[in-house]
Amino acid sequence: MVQRLRQVFVAIALLFVLAFFYRYVVGSWDWILTFIAATIAVIITFFSWIYFARLRSAEGFFDKADDPTVTIRFNADGVQTESDVGSSNIKWIVFEELLKFPDVWLLVYAKRGYMTLPVEKLTPECMEFIDHQLERNHLKN
């Protein structure tokens with residue numbers, strides 16, 4: 001998540017938390033401390049809501065599928081997925097970002113959707129192919 005929000009947001013959130021604790025320890029509860037506490041509460045609520053909405057959406061697939069296995073094929077045109085629920089073919093140009101984590105890669109599209117790729121199932125050649133396709137398509141834009 002830090003990769004998406006960038007370090008600026010994290011720094012601002014950290015400043016709010018530090019300011020809250022400093023003013024709380026000093027003992028000057030006033031409208032500024034109330035504002036800081038409310039802001040922190042809103043931010044925590046917002047990100048919790050996003051997390052649980054994404055979790056419910058992901059679990060919805062597993063509730064619908066008899067077999068939760070998804071076959072993913074990569075080719076020069078895009079990414080093809082196939083499961084019990086259905087199939088799709090997504091063009092490389094749709095993907096906006098690739099977030100790399102130790103266990104998974106996330107192919108991000110439309111700023112709100114992503115495709116999860118387990119790293120242990122990807123060959124080094126496949127990883128290189130994905131990187132190449134994303135670089136190639138984003139240089140065209």
Could you go through Tyr22 and Ile36, starting from their C-alpha distance and side-chain angles, then the distance that decides it, and tell me whether this counts as side-chain contact (heavy atoms from CB on, under 4.5 Å)?
CA-CA 11 Å; Tyr22 171 76; Ile36 293 171; over 6 Å; no
I'd like to check the side-chain contact (heavy atoms from CB on, under 4.5 Å) partners of Asn75; sequence neighbours left out, ordered by chain and number.
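side-chain contact (heavy atoms from CB on, under 4.5 Å) check on Asn75 returns Asp77.
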Out of curiosity, does [Y] fall in the hydrophobic cluster containing [X] (side-chain heavy atoms, cut-off under 4.5 Å, transitive links)?
X     : Y      : value
Ile40 : Phe35  : yes
Tyr24 : Leu15  : no
Phe21 : Trp31  : yes
Leu99 : Tyr114 : yes
Tyr51 : Val42  : no

Heavy-atom closest pair, residues Gln133 and Ala76:
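Taking Gln133 first and Ala76 second, the nearest heavy atoms are OE1-O, 3.6 Å.
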Going from [atom1] on [X] to [atom2] on [Y], what distance comes out if it is rounded to the nearest 0.5 angstrom?
X      : Y      : atom1 : atom2 : result
Phe46  : Trp49  : CZ    : CH2   : 7.0 Å
Glu120 : Asp103 : CD    : CG    : 7.0 Å
Thr45  : Ile50  : OG1   : CD1   : 11.5 Å
Phe129 : Thr123 : CZ    : OG1   : 11.0 Å

Kindly indicate whether the side chain of [X], heavy atoms from C-beta on, has any atom under 4.5 Å from the side chain of [Y].
X      : Y      : value
Ile130 : Trp92  : yes
Thr81  : Ile72  : yes
Ser88  : Ile90  : yes
Leu117 : Met127 : no
Phe20  : Leu33  : yes
Thr116 : Leu106 : yes

How about Glu128: does its CD atom have over 12 heavy atoms from other parts shown lying under 6.0 Å from it?
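Counting other residues, nucleotides and ligands, CD of Glu128 stays at 12 neighbours or fewer.
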Working for side-chain contact (heavy atoms from CB on, under 4.5 Å), residues Lys100 and Asp131:
CA-CA 11 Å; Lys100 297 179 181 180; Asp131 273 333; 3.0 Å; yes
For the residue pair Tyr109 and Phe95, does the interplanar ring angle fall in the parallel (under 30°), tilted (30 to 60°) or perpendicular (over 60°) class?
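Geometry flag for Phe95 against Tyr109: perpendicular rings.
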Sole candidate of Val79, Val70, Val108 that passes side-chain contact (heavy atoms from CB on, under 4.5 Å) when paired with Met115:
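With Met115 as partner, side-chain contact (heavy atoms from CB on, under 4.5 Å) holds for just one option, Val79.
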